[in-house]
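All residue numbers refer to positions in the sequence shown, counting from 1.
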Amino acid sequence: MDNTDYRMVRLTDGTTIMGSIKVDKDFLRITNALQLHTVQRETEMGSKEDSTLAPWLPFTDDKTFVIPRDKILVITQADKHISHYYEVILNKVEKAKANSKPTLSAEEMEKIYKLADQMDQMQKIDQRETAWSEQDLIDLFGKKTIH
């Protein structure tokens, strides 16, 4: 990636996104938007925050998003550490998209759901057939009541 001028944007809903940004009078345009996610993790030394980047809006092939200026709280320059991390994650996201399998048609998805339902039914039948009967328990323990 040649561009190291990445910006971070905090939106009014609290979301933080990162990418290449252009601002005009009414809108912000962000290209290759990744969202910053922060989670709490317990360690031996106590609670720790971990941050990661992920696609801001998954399930789209769009690279540029337009956001109204009134939805923006702050825009800031990203430091070199998060910029490098951004490039690594963006590269992984783009490779994963390039290697992804073609999308399934509605008919193919319906077949998969039907097959999954059939498998669930078969598993329920198998579980009933392998359940212990009262006679099995009597034969195993030699008596009807176990105390």
Side-chain angles (χ1 to χ4, degrees), residues 1-137 140-141 146:
M1 306 263 163
D2 297 330
N3 184 4
T4 56
D5 184 28
Y6 301 118
R7 306 280 173 159
M8 299 182 80
V9 178
R10 174 66 58 108
L11 301 178
T12 55
D13 69 355
T15 302
T16 301
I17 54 178
M18 184 173 175
S20 299
I21 294 173
K22 291 185 177 150
V23 181
D24 63 26
K25 182 179 167 199
D26 298 318
F27 297 100
L28 171 139
R29 296 179 202 295
I30 184 162
T31 303
N32 295 321
L34 296 181
Q35 182 175 349
L36 182 69
H37 293 279
T38 303
V39 293
Q40 292 285 345
R41 180 173 61 92
E42 292 300 320
T43 68
E44 293 176 1
M45 305 301 251
S47 185
K48 182 178 189 283
E49 285 188 347
D50 281 337
S51 296
T52 188
L53 292 167
W56 178 43
L57 295 175
F59 310 112
T60 181
D61 292 328
D62 291 347
K63 289 194 167 281
T64 301
F65 303 95
V66 179
I67 302 169
R69 283 186 72 146
D70 67 342
K71 301 298 181 195
I72 300 166
L73 286 178
V74 68
I75 301 171
T76 186
Q77 181 76 37
D79 70 22
K80 66 180 180 178
H81 301 290
I82 192 76
S83 292
H84 176 70
Y85 182 61
Y86 168 85
E87 289 178 346
V88 169
I89 298 300
L90 183 61
N91 191 16
K92 285 184 178 186
V93 167
E94 287 175 345
K95 281 183 181 177
K97 267 193 175 180
N99 294 332
S100 66
K101 296 178 181 175
T103 17
L104 298 174
S105 68
E107 294 81 23
E108 291 169 322
M109 289 298 293
E110 189 63 34
K111 286 179 185 177
I112 290 170
Y113 287 133
K114 284 181 181 178
L115 181 60
D117 286 342
Q118 288 174 346
M119 291 173 70
D120 285 344
Q121 293 300 322
M122 289 172 60
Q123 185 177 10
K124 287 177 185 175
I125 291 169
D126 287 346
Q127 287 174 349
R128 281 189 294 228
E129 288 176 355
T130 59
W132 292 83
S133 69
E134 183 176 336
Q135 187 59 46
D136 291 332
L137 295 173
L140 181 64
F141 293 104
I146 302 172

**Fill in**
Distance col, row Gln35:CD vs Thr16:OG1, nearest 0.5 angstrom, shows 7.5 Å
**Message:** Nearest 0.5 angstrom please: Arg29 CZ to Ser20 OG, how far?
**Reply:** 14.5 Å
**Prompt:** Could you give the distance from CD (Glu87) to CG (Asn91), rounded to the nearest 0.5 Å?
**Reply:** 9.0 Å
**Request:** Would you indicate whether the side-chain heavy atoms of Asn32 and Tyr86 approach each other to under 4.5 Å?
**Result:** yes
**Request:** Determine, step by step, whether Ile72 and Leu11 satisfy the side-chain contact (heavy atoms from CB on, under 4.5 Å) criterion, reporting the C-alpha distance in whole Å, the side-chain angles of both residues, the deciding distance to 0.1 Å, and the verdict.
**Result:** CA-CA 4 Å; Ile72 300 166; Leu11 301 178; 4.2 Å; yes
**Derivation of the salt bridge (Lys or Arg N to Asp or Glu O under 4.0 Å) call for Lys22 and Asp24** = CA-CA 7 Å; Lys22 291 185 177 150; Asp24 63 26; over 6 Å; no
**Request:** Please name the pair of heavy atoms, one in Tyr85 and one in Ser51, separated by the smallest distance, quoted to 0.1 Å.
**Result:** OH-O, 4.1 Å
**Message:** For Gln77 versus Tyr6, what's the shortest heavy-atom pair and its separation?
**Reply:** NE2-O, 3.4 Å
**Item:** For the student: nearest non-hydrogen atoms of Ile30 and Gly19, plus distance
**Value:** CD1-N, 3.7 Å
**Complete:** Separation between CD1 (Ile17) and CG (Leu53), nearest 0.5 Å, reads 11.5 Å
**Message:** How close do Phe65 and Ala33 get, counting heavy atoms only, and between which atoms?
**Reply:** CD1-CB, 4.0 Å
**Lys114, NZ atom: more than 12 neighbouring heavy atoms under 6.0 Å** = no
**Prompt:** Should we say atom NE2 of His37 is surrounded by more than 12 heavy atoms from elsewhere, each under 6.0 Å from it?
**Reply:** yes
**Prompt:** Do Gln40 and Ser47 have side-chain N/O donor and acceptor atoms under 3.5 Å apart?
**Reply:** yes
**Message:** Listing request: all salt bridge (Lys or Arg N to Asp or Glu O under 4.0 Å) pairs with a residue in residues 62-82, at least two apart in sequence or in separate chains.
**Reply:** Lys63-Glu94
**Prompt:** Atom CG in Leu28, atom CD1 in Ile75: separation rounded to 0.5 Å?
**Reply:** 5.0 Å
**Prompt:** Can you find a heavy atom in the side chain of Trp56 that is under 4.5 Å from one in the side chain of Thr15?
**Reply:** yes
**Message:** Could you tell me if the side chain of Ile21 sits less than 4.5 Å from the side chain of Val23, heavy atoms only?
**Reply:** yes
**Request:** Kindly indicate whether the side chain of Ile67, heavy atoms from C-beta on, has any atom under 4.5 Å from the side chain of Val9.
**Result:** no
**Item:** Spacing of Ile112 atom CD1 and Glu107 atom CD [to the nearest 0.5 Å]
**Value:** 12.0 Å
